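Whatever order the structure lists ligands and atoms in, that order sets their numbers, starting from 1. Note that the structure is a prediction, hence the values are computed from the model and not measured.
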Amino acid sequence: MSAASRAAAAERAAGRFRAWHGAEPEGVWHAPGRANLIGEHTDYNEGRVLPFALDRGVVVAARGRGDDVLDIRSLQADAPVTVPLATLRAGSVTGWAAYPAGVAWALREAGQAVGGASLVIDSDLPQGAGLSSSAAIECATAVALVALYQVSVSRLELARLARRGENEMVGVPSGIMDQSASLLCEAGHALLLDCRTGDTAPVRLDPAAAGLALLLVDTGARHALTDGRYALRRAECERAARALGVRSLRDVDDPARAAEIGDPVLARRARHVISEDRRVRAAVDLLNAGDLAGLGPLLHASHASLRDDFEVSWPEADVAAEAAEAGGGLGARMMGGGFGGSVIALVPGDAEEPREAITAAYAGRGWAPPRFLPAPPSAGAGRLL
Ligand code: GAF
C-alpha cells in the first residue's frame, strides 16, 4: 500500500469512527497480512520460518473507554459486538470478534492494565486466502490497545499474546509465525524467525533488484484453520516427535531419520517438517549471498513436500504452482496452513507469462479465474494517525 492509500485507509476508518461514535478516535493503527517465502508448518514444531509482510492489512481506529467494555465494529461485518472485559473467559466470544477480544483477554491475563476501547476495524485482505487476515486483526488491535493504555510490551511478547488469544479464545492451535510477521517485519526484508528461541533477523528480500517478482495467486479455494485439519496435523507432528524421542521435530536434522517412525503417515509428516526447516536455512543462505533465483528449486521442493508428505495442498494450488513454473516461473508453492488459500511464485519481472499460464490452466478446467496480488515485502504494524 502506498503512503497515500494508507493515509486514505486511515481516514476512512477515522471517518466511520466519527460517524458511529460521534467522537474523534485517539489514533489509527494498522497491521499487515503476511506471505511466507518458505517454512510451512515448521513454526509449531519450534523450527524456522521466513515470512514477509504484505502491503495489505487491517486498519483500526480506536479510542479508550472508561467503562471496561470493548465495542468492536467492522466495516466488513453487519453488527457491532459489545464485550464487557470483566466477563471475558477463554472461548467466551465467538465469530470474528473473538480475534480482537482474544487479544484484550490475553493482555489482561498477562497482567497488563488494558481497559475498554471502541474499535472500528477495516481490512483489505481477502478472508480465507491464507494471507493472515486473522493475525492482522489481532495485531492491529494489539498495537492500538497498548498505545491507548501506554503499556510497554515488546513486539515479540505482543506476538505471543496475540497468538495466545487466538489459541485460547478462538480455539485454533496456530503457531507464532503470522503474528510475528505482522508485528516484526521490515520493508524490503523477510523475517527469519527461530520459533524456539524467538531470535529474529531481517533478511534482505528485493526481487525487483534481481529482475524478479513475487506473485501471490489467490486460488479462490477457501480455507479455515478452525476446521480441525490444521489441529490434526499439529497433533500428528507431536506424535512423530515422541516416536523419535525428541521434544519437537526441530531437534532432528536429517530427514532420513523420519524412516525410524513405524507409522507411515507420521513418518511422512516428520519428513516434511525436518526437510522444510532445512530449506528455510538454505533459503536464508541464498538470500544472504544475493542469489534470489536460487530459491526457485527450494520453493518447488517445498510444494512437493507439502503436497505429498504433509498432504495439505489442494487441487487449485497444485495446478497454479505447476502452471506458474511451466510459464517461466522459477518456483512456486502453496502457502499457509493449507486446504485452500494462496500460492506464492517467484517469477521473472513482469510476471506476465506465469499469470497467463495459470489463467489458461484454470480456464481449461472450467475453474473461475484466480486473483493475482503483487507481494512487495512491506513494513510491519504501526500507527497511521
Ligand atoms: C497458519 C498458522 F496460523 C501458522 O501459525 C502456521 O502454522 C501456518 O499456518 C503454516 O505454516 O498460517
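Distance alone, capped at 3.5 Å, is enough to place a donor-acceptor pair between the D254 side chain and the A256 backbone. Of the possible donor and acceptor atoms, none in the side chain of R333 sits under 3.5 Å from a partner among the backbone N and O of V343. Distance alone, capped at 3.5 Å, is enough to place a donor-acceptor pair between the S182 side chain and the P32 backbone. The main-chain N or O of D253 is found under 3.5 Å from a side-chain atom of R278 such that the two form a donor-acceptor pair.
Between V217 and P370, the closest heavy-atom pair is CG1-CB, 3.7 Å.
The shortest N/O to N/O separation between S174 and ligand 1 does not fall below 3.5 Å. Ligand 1 has a nitrogen or oxygen under 3.5 angstrom from a nitrogen or oxygen of G175. Considering backbone and side-chain atoms together, E40 places an N or O closer than 3.5 Å to an N or O of ligand 1. Where the criterion is an N or O separation shorter than 3.5 Å, residue side chain and backbone included, D178 meets it with respect to ligand 1. Between D43 and ligand 1, at least one pair of N/O atoms sits closer than 3.5 Å. In terms of N/O distances under 3.5 Å, ligand 1 is not approached by M177. At least one N or O atom of Y230, backbone or side chain, sits closer than 3.5 Å to an N or O atom of ligand 1.
When non-hydrogen atoms are compared, ligand 1 lies under 4.0 Å from the side chain of L225 (C-beta onward) but not from its backbone. Only the side chain of R34 comes within 4.0 Å of ligand 1, judged by heavy-atom distances.
Remark: ligand 1 atoms within the under-4.0 Å shell around heavy atoms of Y44 are 7 (O). Of all atoms in ligand 1, listed by their number and element, those nearer than 4.0 Å to a heavy atom of G336 are 9 (O), 10 (C).
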- Task: Take R234 and E238, measure what salt bridge (charged side-chain N to carboxylate O under 4.0 Å, His left out) needs, and give me the verdict at the end.
- Result: CA-CA 6 Å; R234 186 171 175 149; E238 283 163 10; 3.4 Å; yes
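Between F17 and H21, the ring-plane angle classifies as tilted under the 30° and 60° cut-offs.
Look at E157 and R160 and you find a salt bridge, because one of the NZ, NE, NH1 or NH2 atoms lies within 4.0 Å of a carboxylate O, short of that distance.
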